[in-house]
Amino acid sequence: MIISHLRAFIKFKGDSFLLPLQNPLSSSRFSPHATLLASLLHSNSFSNNGDPPLSRYQKLTNLDHAFNLFDEIIQRKPLPSVIKFNQLLNAVAKMNHFSSSLHLFKQMCVVGVPVDAYSMNIAIKCCCQMSRTNDGFALLGCCFRRALVPNVFTFSTLLDGLIREDRIIETERLFKKLIKHKLCEPNVVMYSTMIKGLCKVGNNDIAIGLLRLMDERGCKPNTVVYNTIIDSLCKDKLIDDAFNLFKEMVFHKGIPPNVITYNSLIHGLCNLCRWEEVAKMLKEMEDLSISPSLRTFNILVDAFCKEGKVNEAEAVIDIMVERRVVPDIVTYNSLVDGYCLRGEMTKAMTLFDSLTSKGLVPNVVTYNSLLNGYCKSLKVEEAMHMFHDITRKGLKPDIVTYNTMIQGLFRVGCCGDARKLFDEMRAQGLIPDECTYRIILDGLCNNRQVEEALSLFHLVGDSKLNSNIVVYTILIEGASKCGKFDIASALFHDLTVKGLQPDVRTYAVMISGLCREGLLKEAKHLFCKMDESGCPPNSVTYNVFLQGYLKHQNCDDVEMLLQEMDRRSYSLDASTLSLLIHQIAAGSLDRSMLKLIGTLVPKN
DNA sequence: TTAGGGTTAG
């Protein structure tokens, strides 16, 4: 229904700006998704920002041209000014060819071009961008030897390099040193860099503290500074805090938000499925004449795909095309992933095959989605075929590729092949991550190799890897399903010792295990404990608990549980439903319960 | 002529 309305609406090609402001789709009888799409169609068109004309050196977009130009000017007599060289270095760096830019810088030094602080800063930036910050510091030493004075640009770049390498302690140490020894006065960029670093390590509060401090020290925060913190809060799902900061920025400080501010907020709202507010944000952008960017659209396409709403995602892409925003590989990767998540592999492959004709090159992310799709549909042979294609296409499988394949192989019981791929992954120099560990534990448990999983778990010992509730839940489930409930129970009690909080899945696994052992009283006790532990039972918990009761012909609390489910708008899954019907047929449950059961069956 | 913020994968 929503889609047909959408299609009809989208057919107003080119006329969308002429439609009355209150269009039929924004009325409340339409779903938030439709309203959201409608507001997209309504927002203002794109504008080119009028960049000033660039010199021959700055507008270089081709690496070969840059090298040819360098070879030419380096032979001129007299040599052109260092500014020309710097512009060339910078143009190459802007193309993300950092090592080439660095190579040119070294050539300059060799032939005796009098490099200045600008050249140094560009060279240091190149080192930092390649995560070779130590080399950047070596160049800082060269500055001192050449009597070139490092400035706020130099130090901001180095701080950024340290942050890129997650060297936060050294970042803070350098920043404090700069202030203490008055090596340079931090400006808004330097503060924003520091704030980014703090946010990156999860110190939002300290980041906000630094925001206050810079203001007190007379350095006015700008849009970038606020955007950095707002984005971090959104990523941490602290959307209300993000909005408070947003209000402060706009209404108290008079700092204008831009498309990046809105993208962060929209992304945060999408992650929480707060679609109505997303539509509101898009409307607000329109009112402020802030055009949605390719990224805005990509966030929406991805959010729809993750929600399984590929039709809406396709509608967003239609709107993009209509507005002459060219979808890129990121856009289509989301859509490929959306199809794969729904098991629609034919659609995914058709889209994949069409990418080349759109002038787009599939990347490892595209392949990872397809591998995941095939593995989830248990078509591991197709996945393997595709996996070999990755290297044939000149791409390098990454940790996600291997994790996906290993999970797929375990899923179809090919434990040996999974093991081989794990060894291959390490031989390729890839370091297994937390996901790899979880996939292997889960794979072993599901293939009835719980002992191996447990010995791996004990081998890893007390570490970050084993301080994860998901890992515990996998093992508790594995042990319990294999009849080792004592081990499951011991692991569950371990959680308190480790200070780990069971999550809703852990409880479900434990309740199911207790029921399997016939310990219904204990299961009920745990079930009742969930609310007071701040982890209220969800639909799955109720289903699991009901199944436990019904399997043991215990019908005492069934009606009460069904009523609670009704109050919480939860629904029955297929196995619980069939057990209920079975008990009614057997006469253990009253037929009058059928009406209530009917309301708990999902419509589709 | 040099530095900072937002999107995609299990």
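What's counted below: heavy atoms across the whole structure, side chains too, no hydrogens, waters or symmetry copies. Chain identifiers are assigned alphabetically (A, B, ...) following the order of the sequence lines, protein sequences preceding nucleic acid strands; residue numbering begins at 1 within each chain.
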Between atom [atom1] in [X] and atom [atom2] in [N], what is the gap in whole Å?
| X | N | atom1 | atom2 | value |
| --- | --- | --- | --- | --- |
| A:L148 | B:dT1 | CG | P | 19 Å |
| A:L174 | B:dA3 | CG | C1' | 13 Å |
| A:D442 | B:dG10 | CG | P | 16 Å |
| A:D328 | B:dG6 | CG | C1' | 14 Å |
| A:D302 | B:dG10 | CG | C1' | 14 Å |
| A:I390 | B:dA9 | CD1 | P | 16 Å |
| A:N86 | B:dA3 | CG | P | 11 Å |
| A:N468 | B:dG10 | CG | C1' | 14 Å |

Taking the side chain of [X] as its heavy atoms from C-beta onward, which of [options] lies nearest to it?
| X | options | result |
| --- | --- | --- |
| A:N403 | B:dG4, B:dT7, B:dG10 | B:dG10 |
| A:K94 | B:dT1, B:dA9, B:dA3 | B:dA3 |
| A:D116 | B:dA3, B:dT8, B:dT1 | B:dT1 |
| A:V259 | B:dG4, B:dT8, B:dG6 | B:dG6 |
| A:T193 | B:dG6, B:dG10, B:dG4 | B:dG4 |
| A:N121 | B:dT8, B:dG10, B:dT2 | B:dT2 |
| A:Y118 | B:dA9, B:dT2, B:dT7 | B:dT2 |
| A:N263 | B:dG6, B:dA3, B:dA9 | B:dG6 |
| A:V400 | B:dT7, B:dA3, B:dA9 | B:dA9 |
| A:I83 | B:dG6, B:dT8, B:dT1 | B:dT1 |

Quick one: label [X] by what it contacts on the DNA or RNA (base, sugar-phosphate, nothing), any heavy atom closer than 4.0 Å.
| X | value |
| --- | --- |
| A:V82 | nothing |
| A:N258 | base |
| A:T223 | base |
| A:K306 | sugar-phosphate |
| A:V225 | base |
| A:N333 | base |

> A:N368 and A:N333: side-chain hydrogen bond (donor to acceptor under 3.5 Å, both in side chains), yes or no, with the steps?
Replying inline: CA-CA 10 Å; A:N368 287 347; A:N333 277 350; over 6 Å; no
[N] phosphate, OP1 or OP2, under 4.0 Å from [X] side-chain N/O:
| X | N | result |
| --- | --- | --- |
| A:N368 | B:dG10 | no |
| A:N298 | B:dT8 | no |
| A:K196 | B:dG4 | no |
| A:K376 | B:dA9 | no |

Any donor-acceptor pair under 3.5 Å between the side chain of [X] and the base of [N]?
| X | N | value |
| --- | --- | --- |
| A:T401 | B:dG10 | no |
| A:D433 | B:dG10 | yes |
| A:N222 | B:dG4 | yes |

> A:Y367 and A:F352: aromatic ring centres closer than 6.0 Å?
Replying inline: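 Close enough - the centres of the two rings lie under 6.0 Å apart.
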> Would A:L269 and A:F243 count as a side-chain contact (heavy atoms from CB on, under 4.5 Å) if you check the C-alpha gap in whole Å, the side-chain angles of each, and the deciding distance to 0.1 Å?
Replying inline: CA-CA 11 Å; A:L269 290 168; A:F243 271 103; 4.0 Å; yes
> What closest approach, in Å, do A:N263 and A:S293 show between heavy atoms, and which atom pair accounts for it?
Replying inline: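 Minimum heavy-atom separation between A:N263 and A:S293: ND2-OG, 3.4 Å.
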> What are the two closest heavy atoms between A:Y226 and A:I255, and how far apart are they?
Replying inline: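 That would be CE1-CD1, 3.5 Å.
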> Thinking salt bridges, do A:D215 and A:R212 make one under a 4.0 Å N-O criterion?
Replying inline: no
> Which is it for A:R76 and A:E72 under the salt bridge (Lys or Arg N to Asp or Glu O under 4.0 Å) test, yes or no, and what are the steps along the way?
Replying inline: CA-CA 7 Å; A:R76 283 194 205 159; A:E72 185 221 306; 2.6 Å; yes
